[in-house]
Structures are given as C-alpha cells and as structure tokens.
Amino acid sequence: MSSPATLPVTNQQATQSQPHAFRTFLSRLSSSLRDSLSQRRPWMELVDRNSFARPDSLTDSFSRIRKNLSYFKVNYSAIVSLVLAFSLLSHPFSLLVLLSLLAGWMFLYLFRSSDQPLVLFGRSFSDRETLLGLVLTTVVVVFMTSVGSLLTSALTVGVAIVCLHGTFRVPDDLFLDEQEPAANVGLLSFIGNSASAASVAAGRV
C-alpha cells in the first residue's frame, strides 16, 4: 500500500507570502504618500507673486534656497516627481524598461521568500547570485542606455526649477518649524521604508 503524496507546504507558503508582502508594500506606500502629501504647503503660498524678489547676493540666494527647501520640501518633491513622470510618459520605451526593471526587483528579490531559491531555465540561483544579477542589470539599464540620460535630464530640470524658485522666493514670511521630523524628506524614503517592511513581512511568513 503506497503512502499518500506529500504536499509541498513550503512552496505553497512561499506562493502565498508573495502577494501578501506585495499588498503590505502597497498599503504602507499609499499610507506614507498620503501622510506626506497632507503636510504639503498651500500651492498658492508657493506661487504668491508678492513674495518674489531678486536676491541681494549669492549668500542671500543660498540662504533662501535652504529655508525654502525646509519649508516647501513636500511641494518641491512633488514638482520633481511630476517632471520625472512627464519625461517618462513622453518616452514610453524608457518607461516600459524601468517598469520591467522595478518588477524584476520586486518579484525576484524583495518579495520572494528567502528560503526559496530562484529557479530559471532549470537552474537554481542563490540570493547572492540573484542580487548580483539584478544589480548588474540595473547598472546596464541606467548607465548604458538612454534611460540613464533621460532620468538625469529630468532630475536636472526638476532641481533647476526648485533652485530657481528657492532663489527668488523671499522666505521672510514663512514659519519654519525647526522641530519637524526628518522622516518626511521625500518620496524615495517612503518607498525604501515600505519595501523594507514588506521584505520583513515576507520573511516571517
């Protein structure tokens, strides 16, 4: 009498943990973005025509930029993100390449259970080999294709807009809260924190 077939419990758990980790990532990311955008300054305050004037000196310019960055950091992050989004939407191929690269990082490394090796074309890859392959692919895509130049150009334009506004916006009427937490500095930190938390959740399942 043959023994009953053993169910692949580990594979089932790994398969179930990936969607759970992805949902956790999206939930944390959405919550972080909402919290960040809720702290933005009024846009009319950003473009108040009566608050613009030419700086008296280069030192005055740097002082204005520093104060405006501290006060309008969420608005400035949104402006740079919009410039990046517009640049990518106007170049669909680059957008597709970046989305494919992001999907590779998420599903091949971040949300994959740590005790399950990656199997491609009948070959098993360890975590170190998977990470090395993704890093090399990212370097090739970003620095050896038009994607890198597109991102660099978009970031340059976004930063130039922020610096130009920060130079001519007089910050004397702004209330600067020096005790504001440093955690709300930009959108990238939210993505990094959400991804880390999702990875921990995936490893515990």
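Note: hydrogens, waters and symmetry copies are ignored here, and every other heavy atom, side chains too, is used.
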Scan the side chains in residues 84-93 for donor-acceptor partners under 3.5 Å anywhere in the protein, sequence neighbours excluded, and list what turns up.
{"from": "S87", "atom 1": "OG", "to": "V83", "atom 2": "O", "distance (Å)": "2.9"}
{"from": "S90", "atom 1": "OG", "to": "F86", "atom 2": "O", "distance (Å)": "3.1"}
{"from": "S90", "atom 1": "OG", "to": "S87", "atom 2": "O", "distance (Å)": "2.7"}
{"from": "H91", "atom 1": "ND1", "to": "S87", "atom 2": "O", "distance (Å)": "2.9"}

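Minimum heavy-atom separation, S94 to L150: CB-CD2, 3.5 Å. Here the shortest heavy-atom pairing between V147 and V97 reads CG2-CG1, 4.1 Å. The two atoms that bring P171 and N68 nearest to each other are CB-OD1, 3.8 Å, heavy atoms only. Minimum interatomic distance between T156 and T152 (heavy atoms only, all atoms of both residues): OG1-O, 2.7 Å.
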H165/L46 under side chain to side chain contact (heavy atoms under 4.5 Å, CB included): CA gap, chis, key distance, verdict: CA-CA 9 Å; H165 179 273; L46 186 78; 3.4 Å; yes
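In this structure, N75 CG and L69 CG are separated by 11.5 Å, a value rounded to the nearest 0.5 Å. One distance of note links OH of Y76 with SG of C163; it measures 8.5 Å at 0.5 Å rounding. The distance from atom CZ of F168 to atom OG of S51, rounded to the nearest 0.5 Å, is 14.5 Å. One finds the CZ atom of R169 at 14.0 Å from the CD1 atom of I65 (value rounded to the nearest 0.5 Å).
The shortest side-chain heavy-atom distance between L98 and L151 falls under the 4.5 Å cut-off. A 4.5 Å side-chain heavy-atom check between F72 and V162 finds every atom pair outside the cut-off. By the 4.5 Å heavy-atom criterion applied to side chains, L101 and T138 are counted as neighbours. Side-chain contact between E45 and Y71 is present, with at least one heavy-atom pair separated by less than 4.5 Å. Residues R64 and D60 meet the side-chain proximity criterion, which asks for heavy atoms closer than 4.5 Å. Within the 4.5 Å cutoff, no side-chain heavy atoms of T59 are placed close to those of F62. Contact annotation: the side chain of V135 approaches that of W105 to within less than 4.5 Å [non-hydrogen atoms, C-beta and beyond].
Linking ILVMFWY residues whenever their side-chain heavy atoms come closer than 4.5 Å, directly or via other members, places L134 and L99 in the same cluster. A continuous path of Ile, Leu, Val, Met, Phe, Trp and Tyr side chains, each step under 4.5 Å between heavy atoms, connects V142 with V139, placing both in one hydrophobic cluster. By the rule that hydrophobic residues join a cluster once side-chain heavy atoms approach within less than 4.5 Å of another member, V140 and L96 end up as members of separate clusters. A chain of hydrophobic side-chain contacts below 4.5 Å, direct or via other Ile, Leu, Val, Met, Phe, Trp or Tyr residues, connects V80 to W43.
Under a 3.5 Å cut-off, the side chain of S70 and the backbone N or O of R66 do not form any donor-acceptor pair.
For F143, there are no ring-ring contact (aromatic ring centres under 6.0 Å, His included) partners, not counting sequence neighbours.
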